[in-house]
Amino acid sequence: MRRGHSLVEAQRAVLATLLWHLRVLAGWLPREGGQMVRVLARWFELANADELICRLAGGEAEPEFALGSLGTAWQRLRLCGSLAELRAALSASPWGDPGGTSPREIQLGMRLAWAERVVETVPQARPWALGATALLLARTRLAEGARPDERCRVLVGQGALDASSVREMAARLPAAARWVLHEIEDPRELWQGEERWWQRVEDEGRDLLAGAGFTAGPVLGAVAVLAADARRVRAALEQAAWR
C-alpha cells in the first residue's frame with residue numbers, strides 16, 4: 001500500500017501482497033506442494049476473469065493480478081475479445097466449459113470448477129470447498145431465484161438443488177457441506193454463513209500451520225491463515241475509510 005491510495009487501491013494491494021506470498025511459497029515447495037498452492041490460488045485467476053468480463057461488458061475493469069507460475073490459463077483467457085471467445089478458451093483449458101456465455105454463467109461455472117478441483121486434489125480442504133459451494137448454491141437458488149449450475153449436483157447432490165428453503169437445503173446437503181448453513185433460516189442471513197466459513201478456515205488453518213512433519217498440512221494452513229489475515233486487513237481499511 002502507498003500513501004494516497006484510494007480504498008479500492010489499498011484493498012487491491014493487500015490482495016496483490018497475498019498473491020506474492022503464495023508465489024514465493026509455491027516456489028520453495030517441491031512439485032506436488034507447488035501444484036496444491038496453484039490450485040488454491042485459482043481465486044486470483046477468477047478475479048482476473050471477473051474483471052475481463054466487466055471490461056467485455058463495457059465496464060471499467062481493475063488491473064489484473066500478476067499470476068506468474070500460479071496461472072492456470074490466464075495467458076490465453078486475457079486475449080479473449082468476447083464472452084463467446086472466453087467460454088471457448090475456458091472449455092479448452094483445465095477450467096472446463098462454464099456452461100454458457102452470459103457473465104453469470106461463466107462466473108458460476110468457474111467457481112464450481114474451482115471447488116471441484118479443490119475437492120479432488122486437496123482432501124483436507126474438502127469441507128471448505130463444499131461449504132463454499134453450499135453458500136453459492138443457497139445464494140443463487142434461494143436469494144437470487146436463479147437456476148443453479150449442474151455442477152452443484154455433482155458436488156452436493158440433487159436433493160439440495162431442489163430445496164425451497166435454507167433449512168430444507170441444509171438438511172439435504174452432505175454432512176461436509178451443511179455446517180455452513182447451520183441455524184440460518186432466511187436467505188438474507190447468508191452473510192452469517194460466510195462469516196462462519198471464514199472462521200472455520202482460519203481456525204483449522206492455524207491448527208494445520210502448527211502441525212509437525214513434512215506433510216501438506218502446514219502449507220495448507222499457511223495459505224488459509226494468510227488469506228484470512230488479508231480479509232481482515234481489507235475489512236479494517238474499509239472501516240477506517242468510513243471515519
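Judged by distance alone, with hydrogens and angles left aside, the side-chain atoms of Glu105 form a donor-acceptor pair with the main-chain N or O of Thr101 at under 3.5 Å. Looking at Glu85, its side chain does come within 3.5 Å of a backbone N or O of Gly81 through a donor-acceptor pair. Between the side chain of Arg141 and the main chain of Leu161, a donor-acceptor pair closer than 3.5 Å is present. Side-chain N or O atoms of Glu168 include one that pairs as donor or acceptor with a backbone N or O of Ser164 at under 3.5 Å. Counting only distance, with no hydrogens or angles, the side chain of Arg172 and the backbone of Ala160 share no donor-acceptor pair below 3.5 Å. Trp197 places a side-chain N or O within donor-acceptor distance of the main-chain N or O of Trp128, the cut-off being under 3.5 Å. A side-chain donor-acceptor contact under 3.5 Å links Trp114 to the backbone of Val39. Not one N or O on the side chain of Glu238 forms a donor-acceptor pair closer than 3.5 Å with the backbone of Arg234. Between the side chain of Glu9 and the backbone N or O of Ser6, at least one donor-acceptor pair lies under 3.5 Å. At distances below 3.5 Å, at least one donor-acceptor pair connects side-chain atoms of Arg23 with backbone N or O atoms of Ala66.
Atoms CZ and CE, from Arg178 and Met169 in turn, are 13.0 Å apart once rounded to the nearest 0.5 Å. Leu70 CG to Leu40 CG: the interatomic distance, rounded to the nearest 0.5 Å, is 10.0 Å. The line from CD1 of Ile184 to OG of Ser165 is 12.0 Å long, rounded to the nearest 0.5 Å.
Shown here for Ala129 and Val119, the closest heavy-atom pair between the two residues is CB-CG2, 3.8 Å. Taking each heavy atom of Ala113 and Arg151 in turn, the nearest pair found is CB-NH1, 2.6 Å. Here the shortest heavy-atom pairing between Trp95 and Ala73 reads CD1-CB, 4.2 Å. Shown here for Leu155 and Pro174, the closest heavy-atom pair between the two residues is O-CG, 4.4 Å. In terms of heavy atoms, Leu130 sits closest to Ala177 at O-CB, 3.5 Å. Between Pro187 and Val166, the shortest heavy-atom contact is N-CG2, 3.9 Å.
The closest side-chain heavy-atom distance from Leu209 to Leu220 is not below 4.5 Å. With a 4.5 Å cut-off on side-chain heavy atoms, Pro103 and Leu83 count as touching. Considering only heavy atoms from C-beta on, Pro98 stays 4.5 Å or farther from Leu108 through its side chain. A 4.5 Å side-chain heavy-atom check between Glu116 and Thr133 finds every atom pair outside the cut-off. Residues Glu194 and Leu190 form no side-chain contact, since every pair of their non-hydrogen atoms from C-beta on lies 4.5 Å or further apart.
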- Item | Audit row: Leu90, Asp97, side chain to side chain contact (heavy atoms under 4.5 Å, CB included) steps and yes/no | CA-CA 6 Å; Leu90 287 168; Asp97 186 1; over 6 Å; no
- Task: Before giving the answer on side chain to side chain contact (heavy atoms under 4.5 Å, CB included), spell out for Cys152 and Leu112 the whole-Å C-alpha distance, their side-chain angles and the decisive distance to 0.1 Å.
- Result: CA-CA 7 Å; Cys152 286; Leu112 292 172; 3.7 Å; yes
- Evaluate salt bridge (Lys or Arg N to Asp or Glu O under 4.0 Å) for Asp229 paired with Arg206, printing each intermediate quantity in order. CA-CA 11 Å; Asp229 282 348; Arg206 292 192 183 281; 3.7 Å; yes
- Verdict with supporting geometry, Thr121 and Met36, side chain to side chain contact (heavy atoms under 4.5 Å, CB included): CA-CA 7 Å; Thr121 61; Met36 183 183 73; over 6 Å; no
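Hydrophobic clustering, with ILVMFWY side chains joined whenever heavy atoms are under 4.5 angstrom apart, groups Leu15 together with Leu46. Under a hydrophobic clustering in which Ile, Leu, Val, Met, Phe, Trp and Tyr are joined whenever their side-chain heavy atoms come within less than 4.5 Å, directly or via other members, Val180 and Trp191 fall into different clusters. When the side chains of ILVMFWY residues are joined at heavy-atom separations under 4.5 Å, either directly or via intervening members, Leu18 and Val233 end up in two distinct hydrophobic clusters. Both Trp198 and Leu208 are members of a single hydrophobic cluster when ILVMFWY side chains are connected at heavy-atom separations under 4.5 Å. In the hydrophobic clustering of this structure, Val225 does not group with Val219; members are Ile, Leu, Val, Met, Phe, Trp, Tyr whose side-chain heavy atoms approach within less than 4.5 Å, directly or through other members.
Using a cut-off of 4.0 Å between Lys/Arg side-chain N and Asp/Glu carboxylate O, Glu144 and Arg139 are scored as not salt-bridged. Taking the charged nitrogens against the carboxylate oxygens, Arg232 and Glu202 do have a contact shorter than 4.0 Å, which makes a salt bridge. No salt bridge links Arg196 with Asp203; every basic N to acidic carboxylate O contact stays at or beyond 4.0 Å.
The aromatic rings of Phe65 and Trp43 sit tilted relative to each other, their planes meeting at an angle between 30° and 60°.
Both tests hold for Arg200 against Trp179: distance to the six-membered ring centre under 6.0 Å, angle to the ring axis within 45°.
Pairs of residues two or more places apart, or lying in two chains, that qualify as salt bridge (charged side-chain N to carboxylate O under 4.0 Å, His left out) and include a residue from residues 36-54 are Asp50-Arg111.
Summarising the local packing, CZ of Arg167 is surrounded by 12 or fewer heavy atoms from other residues, nucleotides or ligands at distances under 6.0 Å.
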Got a list of side-chain donor-acceptor pairs under 3.5 Å for residues 55-64, not counting sequence neighbours?
| unit_1 | atom_1 | unit_2 | atom_2 | d |
| --- | --- | --- | --- | --- |
| Glu64 | OE1 | Arg78 | NE | 3.4 |
| Glu64 | OE1 | Arg78 | NH2 | 3.3 |
| Glu64 | OE2 | Trp74 | NE1 | 3.1 |
| Glu64 | OE2 | Arg78 | NE | 3.4 |

